[in-house]
Amino acid sequence: MNRPERERDRLRIAIQKSGRLGSPARDLLERLGLRFQESRDRLFCRGEIEPIDLLLVRDDDIPGLIAQGVCDLGVVGRNVLSEFAAALPAARERPPVEWQPLGFGGCRLSLAVPDELAYEGPASLDGQRIATSYPALLGDWLRARDVQADIVTLSGSVEIAPRLGQAELICDLVSSGATLHANQLREVEVILRSEAVLAAPPCELPGARSELARQLRARLLAAQGQRNSRLLMLNARRSQLAELLALLPDGEPPSVMALDGDGDDVAIKALCRDAVSWQQMERMKQAGASQLLVLPLEQMLP
Ligand code: ATP
Ligand code: ZN
């Protein structure tokens, strides 16, 4: 039975179907403990553990899908989210917002000019044609600097526009700069620094989805803070405890539990903020530790 969309109680997250952000977005959600069934159409993946499903789409469609309420959250480049917001007529309802930067998909939206062209600041753009797939962001940037340039909107292959005579310069995404270099272009201005972000509607989600989204965000923040944390476990004699505790890497105060028997053997559990080195493990072993285990953290709720 199809219930009205408003009453949907499972959270739906849109991610890029393929491309640069698809796998890292999926990996991130799986690191938070979510699992999804593979679907035959590779468009919708039902969540197995939590009532959280995935919608696999083109990245450009994600802000619009959130705005329409077709999905609740999205993993998308700040560049795409900001362009969507900049392109919305001011009187329309508020666009989706950035909840959290995610630390992958880093790039910048930059102006680049052919190697042989001089560039002396924004004023030299007056009267020039600039090819881009980001007309709204570029338009805002030019207006803020009082520059009158022509924006040539292209949906792809922006970097070859100067050679094809469609524009004098371009405004495009750059990460390593290799594509610019291969096309004899040089970066002269950064318009926006971008990375993948978690995007959400500007107002609270209805019903159960609001709490699910809050939990997801909390898990994400916790995971970002604990990216390098490890759980260290080891056994030792109680008499060796003082020496061993002094050797433990930085982290939360460890728990010490008596093992069955004469009470002389203890198990130590310590949360470490960073990786535990081979040398640290050797030193602990020499100080009497046994059964040393270093485990990655999947989830933690302090
Ligand atoms: P789709 O078919 O989903 O529309 P696409 O070709 O638009 O795919 P990708 O090239 O995979 O998308 O880029 C997706 C996002 O990756 C960009 O919007 C941007 O946020 C980020 N990104 C990171 N580095 C770069 C780069 N060098 N060039 C383009 N995008 C980059
Ligand atoms: Zn795209």
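Note that ligands are numbered from 1 as they come in the structure, with each ligand's atoms numbered from 1 the same way. Computed from heavy atoms alone, side chains included, the values below leave out hydrogens, waters and symmetry copies.
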Fill in the blank from the handout: atom 24 (N) of ligand 1: closest protein heavy atom, distance to 0.1 Å, is C107 CB, 3.4 Å

Exercise for the section: Compare all side-chain heavy atoms of R35 with those of E50 and state whether any distance is below 4.5 angstrom. Expected result: no

Problem - For atom 16 (O) of ligand 1, closest protein heavy-atom neighbour - result: R20 CD, 3.5 Å

Handout entry: Residue, atom name and distance, where the atom is the protein heavy atom closest to atom 2 (O) of ligand 1
Key = R58 NE, 3.5 Å

Practice task
Start with the C-alpha distance between R129 and D150, add both sets of side-chain angles, then the distance that settles salt bridge (Lys or Arg N to Asp or Glu O under 4.0 Å), and finish with yes or no.
Solution key: CA-CA 5 Å; R129 292 169 303 162; D150 285 337; over 6 Å; no

Problem - Minimum-distance protein heavy atom relative to atom 18 (O) of ligand 1 - result: N79 ND2, 2.9 Å

Exercise for the section: Please calculate the OD1(D59)-the Zn ion (ligand 2)-OD1(D60) angle and round it to 10 degrees. Expected result: 70°

Exercise for the section: Considering heavy atoms of the protein only, find what lies nearest to atom 6 (O) of ligand 1 and give residue, atom and distance to 0.1 Å. Expected result: Q16 NE2, 4.9 Å

Handout entry: Q215-E211 side chain donor-acceptor pair, cut-off 3.5 Å
Key = yes

Problem - Within-shell test, G106 vs ligand 1, heavy atom, strictly < 4.0 Å - result: yes

Exercise for the section: Report yes if some heavy atom in the side chain of L21 is under 4.5 Å from a heavy atom in the side chain of V76; otherwise report no. Expected result: no

Handout entry: For L21, the ligand 1 atoms whose distance to one of its heavy atoms is below 4.0 Å
Key = 15 (C), 16 (O)

Exercise for the section: Please say whether S194 places an N or O atom under 3.5 Å from an N or O atom belonging to ligand 1. Expected result: no

Problem - Numbered atoms of ligand 1 (with element) below 4.0 Å of G19, judged on heavy atoms - result: 11 (O)

Exercise for the section: Taking the side chain as every heavy atom from C-beta outward, state whether R20 and F104 have any pair of such atoms under 4.5 Å apart. Expected result: no

Handout entry: Sub-4.0 Å protein heavy atom next to atom 20 (O) of ligand 1
Key = yes

Handout entry: Numbered atoms and elements of ligand 1 in range of G77, under 4.0 angstrom, heavy atoms
Key = 20 (O)

Completion exercise
for atom 27 (N) of ligand 1, nearest protein heavy atom and its distance come out as S175 OG, 2.6 Å

Practice task
State plainly whether one hydrophobic cluster holds both L292 and V294, where clusters connect Ile, Leu, Val, Met, Phe, Trp and Tyr through side-chain heavy atoms under 4.5 angstrom apart.
Solution key: yes

Problem - Enclosure of E204 CD (heavy-atom neighbours >12, cutoff 6.0 Å) - result: no

Problem - From the candidates L173, D59, L109, the one that places a heavy atom nearest atom 30 (N) of ligand 1 - result: L173

Problem - Passing candidate, salt bridge (Lys or Arg N to Asp or Glu O under 4.0 Å) with D72, options R12, R209, R214, R217 - result: R209

Exercise for the section: Check whether any side-chain heavy atom of L73 sits under 4.5 Å from a side-chain heavy atom of L11, and report yes or no. Expected result: yes

Exercise for the section: Using a 4.0 Å heavy-atom threshold (strictly under), name the region of V80 that reaches ligand 1: side chain, backbone, both or neither. Expected result: side chain

Handout entry: Side-chain donor-acceptor contact under 3.5 Å, T179 with E159
Key = no

Practice task
Within a distance under 4.0 Å of any heavy atom of D60, pick out the atoms of ligand 1 and give their elements.
Solution key: 4 (O), 7 (O)

